[in-house]
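Okay, structure first, notes after.
Heavy atoms only: backbone and side chains are in, while hydrogens, waters and symmetry mates are out. Each residue takes its place number in the sequence, starting with 1.
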Amino acid sequence: MATIDEQQPLHILFLPFLVPGHLIPIADMAALFAARGVRCTILTTPVNAAVVRPAVERANEDALRGDAGGILVPMDIAVVPFPDVGLPPGVENGAALTSEDDVRRFFHAIRRLREPFDRFMAEHRPDAVVSDGFFTWSADAAAAHGVPRLVFLGTSVFARLCNEIMVRHNPVGACPDDDPDAVVSLPGHPHRVELRRSQMADPKKLPIHWAFFQTMSAAYERSYGEVFNSFHELEPECVEHHRAALGRRAWLVGPVALASKDVAARGAAELSPDVDGCLRWLDTKPDGSVVYVSFGTMSSFSPAETRELARGLDLSGMNFAWVISGADEPEPEWTPEGFAELIPPRGDRGRTIRGWAPQVLVLNHPAVGVFVTHCGWNSTLEAVSAGVPMVTWPRYSDQFYNERHVVEVLGVGVGVGARDFGSNLESHHRVIGGEVIAGAIRRVTGDGEEGEAIRRKAAELAAKARAAPEKGGSSYDDVGRLMDELMARRTFR
Ligand code: UDP
């Protein structure tokens, strides 16, 4: 006979890092577990709760309608105050930080979230915690409550291995200081990964960040395992290496955004008034004729870079939909001659989208033929799932690793030749000429052998991506495998 414990659904607490690129996939992932009958709670602060709420509401509506296979386990958000660390009211998200001092205060707040986390754990005793890797304290905190910690970092396994190699071997340290073009190899990676020194984080320049990465890596070691927004067929060698060489356990449950197209639309509708207009405009364009340009939520470009991008789009001869963040204004500084003729009210070859685009819907629109991207992992995987080839333009974080993965391993993109690693707050990026950008777009979209091969591979990969979360697919099975393990573990608590 089943005990009361066995009859209760599993309960997982999700603790996302407070930036959009981590909140969005965590919310999608939680919704995915909820659809399988897991009780999911997301612990976050008021401003960030607004980011995850559309996914939560959608999951609950699905459950009520019976789309979740008759399973009615509501998802919820545990909203806790953002700690007072001297940031202005409402500044609770990494995307809103404008100085190194803000970043320092923000990380102080991240540490202080341990208090409400401990309270939640003591009161609710969940079966597991899916914690963002940035909450390094959660390794000890979860252990103190006797609860397994599963780490999520929002990267691929490929990039996770690159990070680990950097922390363990510091190959940049062995490189001459004065040669930004020196080629650095990542030893022991299952793929040949080589980057220029200028494309990599420099431990000497960022000692505090470096120390933090080491703490993160150590916290991984003290965790039960890792969950990834990825799928086995995308990176089988990396999954095997992660298991065999690092001795880590992984569950690949993505692409999580595939389950959330409607949510993307709803979330976007709240942030941008012109979602329908954008999609209706795409409806008027021939298949594969539009370049979609977006650099995620954390990257901004200098006026000089933006100007060359505008020229590149013009020179490409393609239609374009270009998401421009507020930071890239004012326009007259970057608008090249003739560009105003291409966009409304004067022209119709392109659109600039201010604020938020319904990215998942845009990428899945047949009019979109290529994505110019900064290679944030969410954007990369969304493009892979939609079968849209990429023009890669990384800036920092794991983005240069993702570029290598996309261009050299998966063969579904072409780089613009970005050379400089640095966040908006850290560094200056060399300007890439419009001709080079247009050239990269043409290599992907052109009739030549290269473009055809890239597009064929992108279509093949998309079919695998779509199959993974379906019943019987590898990600579907990994979700089930993890649930079974956590349920079996409950017996021993
Ligand atoms: N996104 C979106 N509309 C926008 C900008 C971004 O829907 O106008 C979403 C995008 O689909 C992705 C996430 O925001 O899911 C950005 O994450 P990513 O890892 O690509 O980049 P980051 O913002 O973390 O650099």
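- Each of Arg419, Arg196, Gln199 was checked for a side chain to side chain donor-acceptor pair (under 3.5 Å) with Asp181, and the lone residue meeting it is Arg419.
- Residues satisfying the side-chain hydrogen bond (donor to acceptor under 3.5 Å, both in side chains) test with Arg307, not counting sequence neighbours, are none.
- Applying the ring-ring contact (aromatic ring centres under 6.0 Å, His included) test to Phe135 and every residue at least two apart in sequence or in another chain returns Trp137.
- Between Leu18 and Thr44, the shortest heavy-atom distance links the atoms CD2-OG1, 3.4 Å.
- Other residues, nucleotides and ligands contribute more than 12 heavy atoms inside 6.0 Å of the CD atom of Glu341.
- Leu234 contributes atom CG, which lies 10.0 Å from atom CD of Glu237 (distance to the nearest 0.5 angstrom).
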Run the numbers on Leu153 and Asp132 for side-chain contact (heavy atoms from CB on, under 4.5 Å), then give the verdict. CA-CA 5 Å; Leu153 195 61; Asp132 207 291; 3.7 Å; yes
Run the numbers on Met318 and Leu313 for side-chain contact (heavy atoms from CB on, under 4.5 Å), then give the verdict. CA-CA 7 Å; Met318 304 265 297; Leu313 291 174; over 6 Å; no
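- Looking at residues two or more places apart in sequence or on another chain, you find no side chain to side chain contact (heavy atoms under 4.5 Å, CB included) involving Pro207.
- In this structure the side chain of Val167 never reaches within 4.5 angstrom of the side chain of Ile165, judged on heavy atoms.
- For the salt bridge (Lys or Arg N to Asp or Glu O under 4.0 Å) condition, the pairs that include at least one residue of residues 459-470, sequence neighbours left out, are Arg456-Glu460.
- A donor-acceptor pair under 3.5 Å is formed between the side chain of Asn364 and the backbone N or O of Val360.
- The main-chain N or O of Gln399 is never found under 3.5 Å from a side-chain atom of Arg404 such that the two would form a donor-acceptor pair.
- Under a cutoff of 6.0 Å and an axis angle of 45°, Arg197 and Phe421 do not form a cation-pi pair.
- Counting heavy atoms from C-beta outward, Asn229 and Val253 have side chains that stay 4.5 Å or more apart.
- The two residues Ala30 and Cys40 come nearest to each other via the heavy atoms O-SG, 3.3 Å.
- In this structure, Glu435 pairs ionically with Arg311, as a charged nitrogen and a carboxylate oxygen lie closer than 4.0 Å.
- Considering only residues two or more places apart in sequence or on other chains, Tyr292 meets the ring-ring contact (aromatic ring centres under 6.0 Å, His included) condition with Phe371.
- With sequence neighbours left out, the ring-ring contact (aromatic ring centres under 6.0 Å, His included) criterion links Phe228 to His242.
- For Phe106, the ring-ring contact (aromatic ring centres under 6.0 Å, His included) partners at least two apart in sequence or on another chain are Phe17.
- The closest donor-acceptor contact from the side chain of Asn48 to the backbone of Glu92 lies under 3.5 Å.
- Under the 4.5 Å side-chain criterion, counting only non-hydrogen atoms from C-beta, Ser423 is not in contact with Met298.
- Residue Asp283 places its CG atom among more than 12 non-hydrogen atoms of other residues, nucleotides or ligands, all under 6.0 Å distant.
- Legend: residues meeting side-chain hydrogen bond (donor to acceptor under 3.5 Å, both in side chains) with Glu233, ordered by chain and number and at least two apart, are Ser474.
- Between the Glu308 side chain and the Gly433 main chain, no donor and acceptor come within less than 3.5 Å of each other.
- Annotation: side chain of Trp393 is in contact with side chain of Leu309 (closest heavy-atom distance under 4.5 Å).
- In the model, His22 has no side-chain atom that pairs as donor or acceptor with a side-chain atom of Asn378 under 3.5 Å.
- His429 places a side-chain N or O within donor-acceptor distance of the main-chain N or O of Asp420, the cut-off being under 3.5 Å.
- Between Trp251 and Phe152, the distance from one ring center to the other does not fall under 6.0 angstrom.
- Under the salt bridge (Lys or Arg N to Asp or Glu O under 4.0 Å) criterion, the residue pairs touching residues 285-298 are Lys285-Asp348, with sequence neighbours excluded.
- Scanning both residues, Arg349 and Ser316, for their nearest heavy atoms gives NH2-OG, 4.3 Å.
- Checked by atom type and distance alone, the side chain of His241 pairs as donor or acceptor with a backbone atom of Gly188 at under 3.5 Å.
- Going from atom NE2 of His405 over to atom OG1 of Thr155 covers 11.0 Å, rounded to the nearest 0.5 Å.
- Scanning both residues, Asn93 and Pro20, for their nearest heavy atoms gives OD1-CD, 3.1 Å.
- Ring geometry, Trp334 versus Trp322: the interplanar angle falls from 30° to 60°, so the pair is classed tilted.
- Aromatic ring centres of Phe320 and Phe339: separated by under 6.0 Å.
- Ser223 is listed as a side-chain neighbour of Arg248, based on a closest heavy-atom distance under 4.5 Å.
- Residues Tyr220 and Leu246 fail the side-chain proximity criterion, which asks for heavy atoms closer than 4.5 Å.
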Walk me through it: do Thr392 and Val414 pass the test side-chain contact (heavy atoms from CB on, under 4.5 Å)? CA-CA 6 Å; Thr392 57; Val414 163; over 6 Å; no
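- One finds the CD1 atom of Ile42 at 10.5 Å from the CZ atom of Arg53 (value rounded to the nearest 0.5 Å).
- Nearest heavy-atom pair, Pro171 versus Ser185, reported as atom, atom and distance to 0.1 Å: CB-O, 3.6 Å.
- Counting heavy atoms from C-beta on, the side chains of Phe213 and Asn163 never come closer than 4.5 Å.
- With no hydrogens or angles considered, a side-chain donor-acceptor pair links Ser289 and Asn319 at under 3.5 Å.
- Checked by atom type and distance alone, the side chain of His191 never pairs as donor or acceptor with a backbone atom of Val193 at under 3.5 Å.
- The closest donor-acceptor contact from the side chain of Thr306 to the backbone of Ser302 lies under 3.5 Å.
- Residues meeting the side-chain hydrogen bond (donor to acceptor under 3.5 Å, both in side chains) test with His189, sequence neighbours left out: none.
- Of all heavy-atom pairs spanning Ala386 and Ala462, the tightest one is C-CB, 4.1 Å.
- A salt bridge is absent between Asp477 and Arg481; no separation between the charged side-chain nitrogens and carboxylate oxygens falls under 4.0 Å.
- Of the charged side-chain nitrogens involved, none lies within less than 4.0 Å of a carboxylate oxygen, so that Arg58 and Glu61 do not count as a salt-bridged pair.
- Not a single side-chain hydrogen bond (donor to acceptor under 3.5 Å, both in side chains) links Glu452 to another residue, sequence neighbours left out.
- Sorted by first and then second residue, the salt bridge (Lys or Arg N to Asp or Glu O under 4.0 Å) pairs involving residues 382-403 (not counting sequence neighbours) are Glu305-Arg395.
- Remark: side-chain polar atoms of Ser475 are paired, donor with acceptor, to backbone N or O of Gly254 under 3.5 angstrom.
- A salt bridge does not link Glu226 with Arg249: every distance from a Lys NZ or Arg NE/NH1/NH2 to an Asp or Glu carboxylate oxygen is 4.0 Å or more.
- Under the 6.0 Å cut-off for aromatic ring centres, Tyr401 and Phe158 do not qualify, their centroids lying 6.0 Å or more apart.
- Counting heavy atoms from C-beta on, the side chains of Met200 and Leu186 come closer than 4.5 Å.
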